[in-house]
Number of protein chains: 2
Amino acid sequence: MSYFYPMYEIFQQYLDDKISLSSEEASSIRESSIIKKIRKRQYLLQEGDVWRYDAFIAKGCLRTYSIDEAGSEHIIGFGIENWWIGDRESLLSGQPSRFNIDAVEDSEVVLFAHTNFEKLCVAIPAFGQLINQILQRSFIASQNRIQAALSYTAEEKYRAFLEKYSAFANRLPQSMIASYLGITPETLSRIRKNASRKP
Amino acid sequence: MSYFYPMYEIFQQYLDDKISLSSEEASSIRESSIIKKIRKRQYLLQEGDVWRYDAFIAKGCLRTYSIDEAGSEHIIGFGIENWWIGDRESLLSGQPSRFNIDAVEDSEVVLFAHTNFEKLCVAIPAFGQLINQILQRSFIASQNRIQAALSYTAEEKYRAFLEKYSAFANRLPQSMIASYLGITPETLSRIRKNASRKP
DNA sequence: GAAATAACTTGACATACATCAAGACGAAAT
DNA sequence: ATTTCGTCTTGATGTATGTCAAGTTATTTC
């Protein structure tokens, strides 16, 4: 009631933009939330742990990635302000996660224990619907990414990435973008060089 | 009450396996359903049309694919008995679909108008939860497919496909499997030849 | 059941991209 | 300012997979 959560306000704003809530509903959501600061390179989730949360990024940038047998990282996805992040597979199955999530820059997330979160979704239908819509959109986005991964050339993948995620482009090291696109940093470097010649 | 829908029984069985419904609930679902037969090569959805349904495959095999500027097909996904199929992007956005869905073999689907379907999901929470769970699983599956598409070799992709979708392997022409994996039919042919030598 | 059509195989060749290795640049640390 | 470290760039070379083309084997179709 009297604590000042600057980061929560960002989440509140996000909610207000999408749905309208009674003040009781709004505060029951707030009461379930936990604000968590994550320094650059710090983990939000480490491979082997079970993910039992729902997490909204209020500030910063995080990545989800796996590490293969050879020890190299494969970036599965990114998130910035106003995105949700987490491992649905671990959440749904209760199994240890195959993924790592860490901060690309100093970040703050609004975290919910998933059990509470589910109760909120049921108790507040508009909220549940919003969350469901996000899941739908995520699915659609991943379908599109599959298509890109399978049928685009490296250059087309990068162009599509810039088009869709220009907000990310400046905040991520190129090597991470390359990994996300499934190409090597060298190839991405050459693509960028060419692109600057023939724009 | 007195109509005999052999195909509906398959859907009923599917439901009974997953959730328990009162007989009123069961019949309200049944009353919204439409059985549709689709001959091999016939469309369930054609590019440019809006998809406004939820469709359960009771029998047969269907595929979702797009056609690129060059005119070649890219297979996005398959479905067989007990799978759901459709275009969520078009459903959610109300925009014309970029995809085609057609039958790989003579098939029958249980079709719901999406507006009715949504009402059922709200009115019958267990049903809504089931549907939501399917969406979650689809999302997880597509995340895994992204990873495969980005980091696996052609041979690894095919092995993973066999492992996960052995039920499909015999029912699909190789050229479709190749397209699904994002490789050429020639490459798949060579992979299979090698695999038979060193199993 | 013959003819027509489609699906698969195989080979020769081309190429996009990966890999390996060295160097250049910039940001942070001392 | 100099060193250090990580990130990006550039070149030389290798390889998996694509492309083109021809031949073979299955499946439809009439």
hbond_proxy A/Glu155 side chain to C/dC17 base (donor-acceptor, 3.5 Å cutoff) | no
What do you reckon, is CZ of A/Arg39 surrounded by more than 12 foreign heavy atoms closer than 6.0 Å?
-> no
Starting at CD of B/Glu105 and ending at P of D/dT28, how long is that distance when rounded to a whole Å?
-> 11 Å
Taking every heavy atom of A/Gln147 against every heavy atom of B/Ser66, the minimum-distance pair comes out as NE2-OG, 2.8 Å
Comparing nearest nucleotides in DNA chain C, the 5'-proximal residue of the pair B/Met176, B/Arg190 is B/Met176
So with a 6.0 Å cut-off around CZ of B/Arg52, is the heavy-atom count from everything else above 12?
-> no
If you fit an axis to the five pairs at each end of the helix from C/dG1-D/dC30 to C/dT30-D/dA1, how big is the angle between those two axes, to 10 degrees?
-> 50°
Within the pair A/Ser175 and D/dC8, is there a side-chain N or O less than 4.0 Å away from OP1 or OP2?
-> yes
Tell me whether the guanidinium CZ or amine NZ of B/Arg63 lies under 6.0 angstrom from the six-membered ring centre of B/Tyr180 and within 45° of its axis.
-> no
Would the number of heavy atoms belonging to other residues, nucleotides or ligands and lying under 6.0 Å from NZ of B/Lys59 be above 12?
-> yes
Nearest of C/dC17, D/dT10, D/dT7 to any side-chain atom of A/Ala154?
-> C/dC17
Does D/dG18 have OP1 or OP2 sitting under 4.0 Å from an N or O in the side chain of B/Thr184?
-> yes
When you check the phosphate oxygens OP1 and OP2 of D/dT9, does a side-chain N or O of A/Lys193 lie under 4.0 Å from one of them?
-> no
Taking OP1 and OP2 of C/dA18, is either one under 4.0 Å from a side-chain nitrogen or oxygen of A/Thr187?
-> yes
Salt bridge present between B/Glu155 and B/Arg159 (N-O < 4.0 angstrom) | yes
Of B/Lys40 and B/Ile183, the one whose nearest nucleotide on DNA chain D sits closer to the 5' end is B/Ile183
